[in-house]
Q: 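Below you'll find the structure I mean.
Heavy atoms only: backbone and side chains are in, while hydrogens, waters and symmetry mates are out.
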Amino acid sequence: MSVIEQYARAHVVTDDEDPGAVPVRLRYDPEDDPRSVRIDLPGAHEWTFSRSLLERGLRAPAESGSVRVWPCGRVQAVVEFHSDQGVDVLQFDSKALIRFLRRTYTAVPVHS
């Protein structure tokens, strides 16, 4: 099985001036952990969390540990990461996340 990588753009939600869209990398490595996905942010920040959390969060608010995902309107989704250094909040076009998830499910289907 091969690694799936997809590049996307996300808006960093902040109280400061809007920095615009930033490049992020969505990554799925079924050899490493078939149940997890990873989001790499600029500045060597990376977050690994459950693939099912990402899917659930596209339909309704969902959280697990330090990661929260929820739909934002009809075409966007928010992913929020909490750490000792603070909170990163990213807003994505839902289509990009759905396309990524579909690719991961083609590689490794969900098992009940």
Side-chain angles (χ1 to χ4, degrees):
M1 291 181 255
S2 61
V3 172
I4 294 171
E5 288 187 347
Q6 179 176 311
Y7 292 86
R9 305 217 28 102
H11 282 273
V12 177
V13 179
T14 176
D15 290 336
D16 299 330
E17 184 177 329
D18 182 5
V22 297
V24 298
R25 182 175 65 163
L26 308 170
R27 190 169 200 281
Y28 176 71
D29 184 350
E31 296 287 324
D32 185 42
D33 183 354
R35 294 176 305 246
S36 295
V37 294
R38 189 171 90 193
I39 295 181
D40 296 331
L41 307 175
H45 298 231
E46 65 180 49
W47 292 87
T48 302
F49 57 98
S50 163
R51 178 171 71 161
S52 64
L53 172 64
L54 182 58
E55 181 181 15
R56 287 190 327 266
L58 291 172
R59 293 188 308 267
E63 76 176 271
S64 178
S66 60
V67 180
R68 296 180 179 123
V69 183
W70 67 89
C72 181
R74 296 184 336 183
V75 297
Q76 295 183 322
V78 173
V79 182
E80 182 177 281
F81 304 105
H82 292 257
S83 72
D84 293 340
Q85 290 76 38
V87 179
D88 289 321
V89 181
L90 301 171
Q91 188 172 25
F92 289 87
D93 284 340
S94 297
K95 285 184 198 180
L97 298 177
I98 291 167
R99 184 172 40 251
F100 173 67
L101 281 172
R102 284 184 182 148
R103 292 178 66 207
T104 71
Y105 292 137
T106 300
V108 178
V110 175
H111 298 291
S112 301

Q: What distance do Arg103 atom CZ and Leu101 atom CG have between them, rounded to the nearest 0.5 Å?
A: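 Arg103 atom CZ to Leu101 atom CG measures 11.0 Å (nearest 0.5 Å).
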
Q: May I ask you to test the Tyr28-Val3 pair for a side-chain heavy-atom distance under 4.5 Å?
A: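 No - every pair of side-chain heavy atoms lies 4.5 Å or more apart.
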
Q: Restricting to non-hydrogen atoms, name the atom on Pro61 and the atom on Pro71 that form the minimum distance, rounded to 0.1 Å.
A: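 Looks like N-CD, 3.9 Å.
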
Q: Which is it for Leu53 and Val69 under the side-chain contact (heavy atoms from CB on, under 4.5 Å) test, yes or no, and what are the steps along the way?
A: CA-CA 7 Å; Leu53 172 64; Val69 183; 4.3 Å; yes

Q: Run the side chain to side chain donor-acceptor pair (under 3.5 Å) test against Ser52 and tell me which residues pass, sequence neighbours left out.
A: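 For Ser52 the side chain to side chain donor-acceptor pair (under 3.5 Å) partners, ignoring immediate neighbours, are Ser50, Arg56.
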
Q: Tell me, do Val37 and Phe100 make a side-chain contact under 4.5 Å, heavy atoms counted?
A: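 Contact flag for Val37/Phe100 side chains = yes.
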
Q: Rounded at 0.5 Å granularity, tell me how far CH2 in Trp47 sits from OG in Ser36.
A: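 Trp47 CH2 to Ser36 OG: 14.0 Å, rounded to 0.5 Å.
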
Q: Tell me every residue that passes side chain to side chain donor-acceptor pair (under 3.5 Å) with Glu63, counting only those two or more places apart in sequence or in another chain.
A: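 Only Arg68 meet the side chain to side chain donor-acceptor pair (under 3.5 Å) criterion with Glu63.
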
Q: Stepwise, does the side-chain contact (heavy atoms from CB on, under 4.5 Å) test hold for Val13 with Val78?
A: CA-CA 9 Å; Val13 179; Val78 173; 5.6 Å; no

Q: Among the clusters formed by ILVMFWY side chains lying less than 4.5 Å apart, do Tyr7 and Leu97 turn up in the same one?
A: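 As far as the 4.5 Å side-chain criterion goes, Leu97 and Tyr7 are not connected within one cluster.
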
Q: Can you measure from CZ (Arg35) to OG1 (Thr104) and round to the nearest 0.5 angstrom?
A: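 The OG1 atom of Thr104 is 13.5 Å from CZ of Arg35, to the nearest 0.5 Å.
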
Q: For Arg59, what residues pass the salt bridge (Lys or Arg N to Asp or Glu O under 4.0 Å) criterion, not counting sequence neighbours?
A: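 Only Glu55 meet the salt bridge (Lys or Arg N to Asp or Glu O under 4.0 Å) criterion with Arg59.
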
Q: Identify, with sequence neighbours excluded, every residue that meets side-chain contact (heavy atoms from CB on, under 4.5 Å) alongside Arg38.
A: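 Arg38: side-chain contact (heavy atoms from CB on, under 4.5 Å) contacts with Arg25, Arg27, Asp40, Glu46, Thr48.
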
Q: Can you name the one residue among Leu54, Leu26, Val67 that meets side-chain contact (heavy atoms from CB on, under 4.5 Å) with Ile39?
A: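 So, applying the side-chain contact (heavy atoms from CB on, under 4.5 Å) to Ile39 and each of Leu54, Leu26, Val67, only Leu26 qualifies.
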
Q: Main chain of Ala96, side chain of Gln6: is a donor-acceptor contact present, judged purely on distance under 3.5 Å?
A: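 Between the backbone of Ala96 and the side chain of Gln6 there is a qualifying donor-acceptor contact (under 3.5 Å).
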
Q: When you look at Leu90 and Phe81, which way does the side-chain contact (heavy atoms from CB on, under 4.5 Å) test go after all the steps?
A: CA-CA 9 Å; Leu90 301 171; Phe81 304 105; 3.9 Å; yes

Q: How long is the span from the CZ atom in Phe92 to the CG atom in Leu58, to the nearest 0.5 Å?
A: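 With rounding to 0.5 Å, CZ (Phe92) is 10.5 Å from CG (Leu58).
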
Q: Can you tell me how far the CG atom of Asp33 sits from the CZ atom of Arg51, to the nearest 0.5 Å?
A: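 It comes to 9.5 Å.
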
Q: Going by side-chain hydrogen bond (donor to acceptor under 3.5 Å, both in side chains), name the pairs with one or both residues in residues 88-98, residues two or more places apart or in two chains.
A: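 Qualifying pairs, neighbours excluded: Gln76-Gln91.
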
Q: Under the salt bridge (Lys or Arg N to Asp or Glu O under 4.0 Å) test, which residues partner Arg9, sequence neighbours left out?
A: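 If we apply the salt bridge (Lys or Arg N to Asp or Glu O under 4.0 Å) test to Arg9, skipping adjacent residues, there are no hits.
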
